[in-house]
Student: 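What follows is a single structure, and I will ask about it in a moment.
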Amino acid sequence: MLENVTVIIPAHNRPERLRRLLGYYAGTGIHILVPDSSDKPYTGPIDPHTTVYLHRPRMHFLLKLREVLPLIDTPYVLYCADDDFAVPEGIACAAAFLDAHPDYATAQGHYLTFTPTARRIKFLPRYIRYFDSRVTADNPTGRLAQKSGQYASLLYAVARTDAFREIYSYCFGNDGAPVFRNLFLAEEYFNHAMLIEGKYATLPCFFSARERIAGSATSTTTPVADVRHTPEYEAYTAALAALLADKSGLRGADAGGVISRACDTAPDNPQIMFKRRINAILASHPLLRPLARLSEWRYARKGLRAVRGMESYPCNFSTPEKEAIIAAVRSTEK
C-alpha cells in the first residue's frame, strides 16, 4: 500500500530532524514531498527516485503546501512533521482501510510521545481518550456536530488526495494569498474540512510517534482564542462555510451557521480544559514546577495503565516498528 501514499514533510529549520526522517523512510518506496521553509537549504542525502525537495525560505505553511499539491500523484496523502515518525506499517493500515471504505475521507491509528535522554528513549501514550474514536454520520452537518466536544486532531491522518486538494482550494483569495495565516487555524481548518469531505476512523494500530520538543511552532503561535473576532478568523470560517455549501447544498447563510456552531464548540469537555489550565499555571511558576512534574508523572502513569497490553501502544515493550524509530533517533546522535 505504501506506493499509493505520499508523505508531505513541511520542514523548517531542523535539518537534523529532516535527515533522520528521510533516513527512516529510506527503502520503503513511499513517495515524499519536502517543502522546506528553512533559512538555509538542506544539504543531507536525498533519494531522487522517491523524494522531491523544494527550498522555499521563510515561506508560509499554506503557500508551501500550494506548491506541492500538483506534485501528489498517489491516491492518498498525509503530513508528517519533521520531528515525528509516521510508521510505515500504520500508514499502510490506514490506506488499506480507506481502500475498503470509500465513504471515509481520513483514517489514522494510535500515537506515542517520545523523549530522548542520554540513557534511553522514553515512550508514553498519547490521545488515549480517543483511541477508538470515529466520526460516522452520513452527511457533513452531522459529522461536524458529532466531532463537537472531542479533541482528536485529523491533521496527520492519511487522507484521500482528491479531498485533500479540494479543501485547500478554498484557503486562498483572488490575489493568491492565504485568507488566514495562523497555524492553529490551519489545523482546525483541516479538522473541520476533512469531516465535510467524509467520515473519519481511528484504527487499532501503532500509527505515529511524536517527539516532545520545547520551542516548537505550537508554543510560538497565537492561540485561536486570541484571534477570534478578527478579520482573519472571519475569513477562516467563511472558507469552511463555502466548502460546506458546495458539498452539502446548504445556502450560504445556513452553511455559515453550521460552521459557526462547529467552530465555537470547545474541542474538549470543561473538566479536561480546567485540568489543562491548572497544569499550565503550575508550569508557569518556578515554585510550583515540582507540582507540575508530579501532575505530569501521574498523568503518564494513568496513561500507561490504560494501554497496558495493547500492541498499538508499545510503550513498555519492544516491537520492530518501535525499534526502527529508536535506531533512527540514535543515528542522529552519533
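Note that the structure is predicted; figures quoted are calculated from it, not measured.
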Student: How far apart are the closest heavy atoms of Pro15 and Tyr42, and which atoms are they?
Tutor: O-CE1, 3.7 Å

Student: If you apply the rule side chain to side chain contact (heavy atoms under 4.5 Å, CB included), what do you find for Ile32 with Tyr53, and how did you get there?
Tutor: CA-CA 8 Å; Ile32 300 172; Tyr53 174 83; over 6 Å; no

Student: Nearest 0.5 angstrom please: His60 NE2 to Asn182 CG, how far?
Tutor: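 Reported to 0.5 Å precision, the distance equals 8.0 Å.
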
Student: When the ring planes of Tyr189 and Tyr168 are compared, do they come out parallel, tilted or perpendicular, using 30° and 60° as the limits?
Tutor: tilted

Student: Distance only, no hydrogens: is a donor on one side chain within 3.5 Å (strictly under) of an acceptor on the other, for Thr113 and Arg126?
Tutor: yes

Student: Please report the closest heavy-atom contact between Thr28 and Pro88, naming both atoms and the distance.
Tutor: CG2-CG, 4.2 Å

Student: Remaining members of Leu304's ILVMFWY cluster at a side-chain heavy-atom cut-off under 4.5 Å?
Tutor: Leu124

Student: Please, which pairs that meet salt bridge (charged side-chain N to carboxylate O under 4.0 Å, His left out) have at least one residue in residues 237-247, sequence neighbours excluded?
Tutor: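 Passing the test, one end in residues 237-247: Glu166-Lys247, Glu197-Lys247.
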
Student: Verify, without hydrogens or angle tests, whether Glu311 (side chain) and Pro204 (backbone) share a donor-acceptor contact under 3.5 angstrom.
Tutor: no

Student: Kindly assign one of parallel, tilted or perpendicular to the pair Phe61 and Tyr79, based on the angle between their ring planes and the thresholds 30° and 60°.
Tutor: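 Phe61 vs Tyr79 ring planes: tilted.
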
Student: Do the side chains of Val34 and Asp82 get nearer than 4.5 Å, heavy atoms only?
Tutor: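 They are not in contact (no side-chain heavy atoms under 4.5 Å apart), so the answer is no.
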
Student: CZ/Phe114 to OG/Ser208 distance, rounded to the nearest 0.5 angstrom?
Tutor: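 Atom-to-atom, Phe114:CZ and Ser208:OG are 9.0 Å apart.
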
Student: Looking at every non-hydrogen atom in both residues, tell me the closest pair between His110 and Ser312 and how far apart they are.
Tutor: ND1-OG, 2.7 Å

Student: How many angstroms lie between OH in Tyr170 and CG in Leu244, if you round to the nearest 0.5 Å?
Tutor: 10.0 Å

Student: Which class fits the ring pair Phe164 and Phe190: parallel under 30°, tilted 30 to 60°, perpendicular over 60°?
Tutor: perpendicular

Student: Once you round to the nearest 0.5 Å, how far does OG1 of Thr6 lie from CD1 of Ile30?
Tutor: 7.5 Å

Student: Report yes or no: do Phe317 and Tyr313 belong to one cluster of Ile/Leu/Val/Met/Phe/Trp/Tyr joined by side chain heavy-atom distances under 4.5 Å?
Tutor: no

Student: Checking Asp84 side chain against Arg210 main chain: does a donor-acceptor pair fall under 3.5 Å?
Tutor: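 No, Asp84 side chain to Arg210 backbone: no donor-acceptor pair under 3.5 Å.
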
Student: Is the backbone of Ala86 close enough, under 3.5 Å, to the side chain of Tyr156 for a donor and an acceptor to pair up by distance?
Tutor: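 The answer is no, because no donor-acceptor pair under 3.5 Å joins these two groups.
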
Student: Does anything in residues 61-73 form a side-chain hydrogen bond (donor to acceptor under 3.5 Å, both in side chains)? List the pairs, not counting sequence neighbours.
Tutor: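 Qualifying pairs: Ser37-Lys64, Arg56-Glu67.
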
Student: Is a donor on one side and an acceptor on the other found under 3.5 Å between the side chain of Ser38 and the backbone of Asn13?
Tutor: yes

Student: Evaluate side chain to side chain contact (heavy atoms under 4.5 Å, CB included) for Leu112 paired with Lys122, printing each intermediate quantity in order.
Tutor: CA-CA 10 Å; Leu112 301 181; Lys122 183 179 180 181; over 6 Å; no

Student: Does Arg20 pair with Glu211 as a salt bridge, N-O distance under 4.0 Å?
Tutor: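 Judged by the 4.0 Å cut-off on N to carboxylate O distance, Arg20 and Glu211 do form a salt bridge.
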
Student: Can you name the nearest heavy-atom pair linking Asn4 to Thr74, along with the distance?
Tutor: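 So the two residues come closest at O-CB, 3.2 Å.
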
Student: Considering only residues two or more places apart or on different chains, which pairs with a residue in residues 18-38 satisfy ring-ring contact (aromatic ring centres under 6.0 Å, His included)?
Tutor: Tyr24-Phe85

Student: Donor-acceptor pair, distance only, cut-off 3.5 Å: does the side chain of Arg143 make one with the backbone of Leu195?
Tutor: yes

Student: Could you go step by step and tell me if Phe207 and Tyr111 meet the ring-ring contact (aromatic ring centres under 6.0 Å, His included) rule?
Tutor: CA-CA 6 Å; Phe207 184 74; Tyr111 284 76; 5.8 Å; yes

Student: Under the 3.5 angstrom rule, does the side chain of Glu188 hit a backbone N or O of Cys263 as a donor-acceptor pair?
Tutor: no

Student: Decide yes or no for Ile325 and Glu321: does some side-chain heavy atom of the first lie under 4.5 Å from some side-chain heavy atom of the second?
Tutor: no

Student: Side chain to side chain contact (heavy atoms under 4.5 Å, CB included), that's the test. Do Ile196 and Ile167 meet it? Break it down for me.
Tutor: CA-CA 9 Å; Ile196 292 172; Ile167 68 169; over 6 Å; no

Student: Whether the side chain of Ser331 engages the backbone of Ala328 through a donor-acceptor N/O pair (distance < 3.5 Å, no angle test) should be reported.
Tutor: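 Such a contact is found between Ser331 side chain and Ala328 backbone.
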
Student: Does any N or O in the side chain of Thr161 come within less than 3.5 Å of the main-chain N or O of Tyr76, such that one atom is a donor and the other an acceptor?
Tutor: yes

Student: Taking side chain as C-beta onward, heavy atoms only, is Leu65 less than 4.5 Å from Pro35?
Tutor: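 No, their side chains stay 4.5 Å or more apart.
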
Student: Could you tell me which non-hydrogen atom of Thr106 sits nearest to which non-hydrogen atom of Ala157, and how far apart they are?
Tutor: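 Taking Thr106 first and Ala157 second, the nearest heavy atoms are CB-CB, 4.2 Å.
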
Student: So, do Ile259 and Leu144 sit near enough that their side-chain heavy atoms are less than 4.5 Å apart?
Tutor: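 When only atoms from C-beta onward are counted, Leu144 and Ile259 do touch, with a gap below 4.5 Å.
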
Student: If Ile, Leu, Val, Met, Phe, Trp and Tyr residues are connected whenever their side-chain heavy atoms lie under 4.5 Å apart, and connections chain through other members, are Val52 and Val77 in the same group?
Tutor: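 As far as the 4.5 Å side-chain criterion goes, Val77 and Val52 are connected within one cluster.
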
Student: For Arg165, does the CZ atom have more than 12 heavy-atom neighbours from other residues, nucleotides or ligands under 6.0 Å away?
Tutor: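 Result for CZ/Arg165: enclosed.
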
Student: Do Phe184 and Tyr236 have ring centres separated by under 6.0 Å?
Tutor: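 So the answer is no for these two rings.
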
Student: Given 3.5 Å as the limit, does a donor-acceptor pair link the side chain of Glu232 with the main chain of Arg181, or not?
Tutor: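 Yes: the side chain of Glu232 pairs with the backbone of Arg181.
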
Student: Mind checking whether Asn191 and Ser153 have side chains closer than 4.5 Å, heavy atoms only?
Tutor: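 Yes, their side chains come closer than 4.5 Å.
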
Student: State the OG1-CD distance between Thr50 and Glu3, to the nearest 0.5 angstrom.
Tutor: 13.5 Å

Student: Does atom CG of Asn174 have more than 12 heavy-atom neighbours, drawn from other residues, nucleotides or ligands, at distances under 6.0 Å?
Tutor: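 Not more than 12 within 6.0 Å, no.
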
Student: Counting only heavy atoms not in Glu323, do more than 12 fall under 6.0 Å of its CD?
Tutor: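 It does: Glu323 CD has more than 12 such atoms within range.
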
Student: Rounded to the nearest 0.5 Å, what's the gap from CG on Asp138 to OG1 on Thr141? Could you check?
Tutor: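 Nearest 0.5 Å value for the CG-OG1 distance: 12.0 Å.
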
Student: Looking at every non-hydrogen atom in both residues, tell me the closest pair between Leu21 and Cys80 and how far apart they are.
Tutor: CD2-SG, 3.9 Å

Student: Would Phe206 and Phe123 count as a close aromatic pair, with their ring centres under 6.0 Å?
Tutor: no

Student: By the salt bridge (charged side-chain N to carboxylate O under 4.0 Å, His left out) test, which pairs, at least two apart or in different chains, include something from residues 95-117?
Tutor: Asp103-Lys199

Student: Can you tell me which residue pairs pass the salt bridge (charged side-chain N to carboxylate O under 4.0 Å, His left out) test with a partner in residues 33-43, sequence neighbours excluded?
Tutor: Asp39-Arg58

Student: Has Arg160 got a side-chain atom pairing as donor or acceptor with Leu98's backbone, closer than 3.5 angstrom?
Tutor: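 Between the backbone of Leu98 and the side chain of Arg160 there is a qualifying donor-acceptor contact (under 3.5 Å).
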
